Amino acid sequence: MSSRPHVMSRRLRAAATISAVAVLTTAAAVSPAPRATAAARDGTPARGAGAGVAPYRDARLPVERRVADLLRRMSLDDKIGQMTQAERGAVAGDPSLIAQWRLGSVLSGGGSVPTPNTPRAWADMVNTFQAQALSTPLGIPMMYGVDAVHGHGNVYGATVFPHNVGLGATRDPDLVRRVYAATAAEVRATGIPWNFAPCVCVARDERWGRAYESFGEDPALVIRMESAIDGLQGRHGRDLADPDRVLATAKHYAGDGDTEYGTGSGDYPIDQGVTVTDWARFAMLDLSPYLAAVRAHDVGSVMPSFSSVDFTGDGVGNPVKMHANRTLITGVLKRGMRFDGFVISDWEGIHQIPDPDAPPDEPRPTAGQVRAGVNAGIDMFMEPGTAPRFEQLLKAEVVAGRVSRARIDDAVRRILRAKFRLGLFEHPYAPPGRTGIVGGAAHRRVAREAVAKSQVLLKNAGGLLPLARDARLYVAGRNADDIGNQAGGWTLDWQGRSGDSIPGTTILEGLREVAPRAHITYSADASAPTDGADVGVVVVGETPYAEGFGDVGGPVCSWCTPPQAEPKSMDLQPGDRAVVRKVCAELPRCAVLVVSGRPQVITDQLGDIDALVASWLPGSEGAGVADVLFGRTAFTARLPVSWPRDAAQEPINVGDRNYRPLFPYGWGLRTRATH
């Protein structure tokens, strides 16, 4: 059964009402940056601090008092260092650079890992970096960050959960909370206290290569799934100092799922493009998840989008990069929503800010880009390989008076607040003896449950599913036994990897595990004879991709595994279509599973298919797919996005005029568990 589109439209209107309040109560013109508060200038010794103990080191004092005390002790170089984040590759060869540059943070980009890539090696690396940060005169701990967007995916052996689009299909906020709590525990076990997740964008065009990072096309659904923030941070961020919690990041603020196809950056058709909208629509679709993240979940950090926004009220054609948008960052987010965390730029995000005063060949970032980003309200800057240049330029801007010291103090105050809340001054190193939980059985059970509850049954003619435990199956398709394909992007590498890339269970292995009495013949390309089989199970779909290279019509990833070089499309690849055609023609009944980050057009073959399942990107626990196929668990999931009849329908979303998808938003047939 399915939910009706008009019901979801009411939810959209409710989300619009909530978020519009935040926008309309914010002044359209942002006033100058506030002066340093009295607390920041207060040098009075703290009560309760022992003789000779700096108040900021006294864990008994309130966080704001500790922040104020430390801030007044810091030099301009200390403060600018706290605002700077370098990539591990820039400092791994000489960790003393962390102390030399006074870095406030270090990150790992996708695929940037220690050798060997083990949980213990990660913890040792982070501890080495931390020792350098603590060696500075004030001993301010650094904060390591990583993109653990569906589990601690950079780490070999970690539990890899379904991507957010699959979690959105579960409609189960408590499950999502548990998924992200398990992720937090694995991330913190390796010494990392900060996760660049979750993505709370509302994906409105499935041609976007990051669509699977969204929980769905309806802001009301995305807001429900923001229990992910509680899983990472604890309820209202109260448990951040817990060894199983990490700081969360709501991203990408705001509008990255709503950009127009054809406006993308460089060769990207839609990624990093332009959101063309009016204020009311922007509030409804693009701002409302951030209001909830801040007000209901106290998210600790927010990351601006690479994209731009072009409000139609003053005419189209003057988009503003989010990284330079002071109205939306300082005005709406910090003042209107009362966000007290800090804003972290995306990877070299300010390098894309137009700077008409800089020569075309001037290295990035330019002075104008640094000035624009800081004055817009960004507090920490992801400068993976250009940290020293950023620091030098920012200092010159402050000395020249083009960036105020009050703006610097505001940024550093927010960063220090997060570090105190995380307990890093008391416990800066990786918690000892915790790396064994990474990829452990308890977390894999949560992942398997999430996989089973994310499978959307789109068609089930004649009640084919669930299958009998002793069925004679012919299993085919390239995604039946490829754990890299079923994990998707942001797994070991930025763009993911096809093949036997991570430990776990493929869908084929899961079928054999769950139904050992079944007779299974497997042929990836369906070249083996189908004789003796009663049911075909064809597992097709996409190969891994991430931002940019995942855009439909986008560039090919030249360094990825060979299967990933195929053109990205809303249509099934020709080889997949051929396998579906052959198996479904030769066997009396067939089920097709689509393993993908977005819907795949299958309309013309639907009549030949008895059962159709949207399996999304299930991650490392393929047995969860087998659980629903064999009735161990019931099918309960519903579509988090509309499934188009053809690619030309994109973008298609619930509430559209003339809404006629193949399967509507919220569609999902149900079965009963048989065992």
Side-chain angles (χ1 to χ4, degrees), residues 149-154 156-170 179 209 211-213 439 443-456 475-514 520 522 524-525 537-546 550 560-564 566 568 572-573 575-576 579-580 591-600 612-630 633 637:
V149 299
H150 66 140
H152 202 359
N154 265 337
Y156 184 82
T159 309
V160 178
F161 296 91
H163 271 292
N164 283 352
V165 67
L167 296 181
T170 70
V179 164
Y212 63 76
E213 293 186 53
H443 293 164
R444 290 186 182 273
R445 283 194 294 271
V446 175
R448 181 170 176 169
E449 178 186 353
V451 172
K453 290 184 175 178
S454 69
Q455 304 296 296
V456 181
V475 179
R478 60 177 179 165
N479 283 354
D481 197 32
D482 192 311
I483 200 165
N485 286 359
Q486 76 184 41
W490 293 106
T491 311
L492 289 188
D493 287 322
W494 172 36
Q495 297 286 325
R497 300 179 192 175
S498 291
D500 189 16
S501 57
I502 60 172
T505 304
T506 67
I507 293 172
L508 176 65
E509 291 167 342
L511 294 172
R512 289 171 170 159
E513 174 190 327
V514 172
I520 297 177
Y522 170 62
D525 61 358
V537 177
V538 186
V539 190
V540 292
E542 297 183 301
T543 54
Y545 54 79
C560 293
T561 60
Q564 295 171 263
E566 66 189 17
K568 301 303 178 285
L572 279 179
Q573 296 292 326
D576 284 348
V579 173
V580 170
V592 173
L593 281 58
V594 181
V595 173
S596 63
R598 54 188 158 214
Q600 297 286 276
L612 179 64
V613 179
S615 291
W616 311 114
L617 298 170
S620 60
E621 307 311 304
V625 177
D627 285 339
V628 289
L629 290 182
F630 284 108
T633 303

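By convention here, the first residue in the shown sequence is residue 1. Every value quoted in this text rests on a predicted model; they were computed, and no experiment measured them. Side-chain atoms are counted along with the backbone in the values below, which use heavy atoms only and exclude waters and symmetry mates.
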If you measure from [atom1] on [X] to [atom2] on [Y], what distance do you get to the nearest 0.5 Å?
X: S620; Y: I502; atom1: OG; atom2: CD1; value: 5.0 Å
X: E449; Y: T633; atom1: CD; atom2: OG1; value: 8.5 Å
X: N479; Y: D576; atom1: CG; atom2: CG; value: 6.5 Å
X: H150; Y: E213; atom1: NE2; atom2: CD; value: 9.0 Å
X: T506; Y: L511; atom1: OG1; atom2: CG; value: 8.0 Å
X: D481; Y: D500; atom1: CG; atom2: CG; value: 8.5 Å

For the residue pair [X] and [Y], what are the closest heavy atoms and their distance?
X: V579; Y: G477; answer: CG1-N, 3.9 Å
X: S501; Y: L492; answer: O-CD1, 3.2 Å
X: V628; Y: A452; answer: CG1-O, 3.4 Å
X: G597; Y: E542; answer: N-OE1, 2.9 Å
X: V595; Y: P618; answer: CG1-CD, 4.2 Å
X: G550; Y: Y545; answer: CA-CD1, 3.4 Å

Side chains of N485 and T543, donor plus acceptor under 3.5 Å:
no

When you compare the side chains of T505 and E621, does any donor N or O come within less than 3.5 Å of an acceptor on the partner?
no

Around atom CG of D525, are there more than 12 heavy atoms of other residues, nucleotides or ligands at under 6.0 Å?
yes

Quick one: does [X]'s side chain have a donor or acceptor within less than 3.5 Å of a partner on [Y]'s backbone?
X: K453; Y: V451; answer: no
X: H163; Y: G489; answer: yes
X: W616; Y: S454; answer: yes
X: Q486; Y: G619; answer: yes
X: N164; Y: Y212; answer: no

Starting from the C-alpha separation in whole Å, work towards a yes-or-no answer on side chain to side chain contact (heavy atoms under 4.5 Å, CB included) for V539 and L508.
CA-CA 9 Å; V539 190; L508 176 65; over 6 Å; no

Checking side chain to side chain contact (heavy atoms under 4.5 Å, CB included) for the pair V594/L612: CA distance, chi angles, key distance, verdict?
CA-CA 8 Å; V594 181; L612 179 64; 4.0 Å; yes

Any non-hydrogen side-chain atom of [X] less than 4.5 Å from a side-chain atom of [Y]?
X: I507; Y: V537; value: no
X: P503; Y: Y156; value: yes
X: Q455; Y: V625; value: yes
X: F161; Y: V446; value: yes

One pair to check against side chain to side chain contact (heavy atoms under 4.5 Å, CB included): L593 and L629. What are the steps and the verdict?
CA-CA 10 Å; L593 281 58; L629 290 182; 3.9 Å; yes

Counterpart residues, salt bridge (Lys or Arg N to Asp or Glu O under 4.0 Å), relative to E513 (two or more places apart):
R448

Residues in salt bridge (Lys or Arg N to Asp or Glu O under 4.0 Å) with D493, at least two apart?
R497

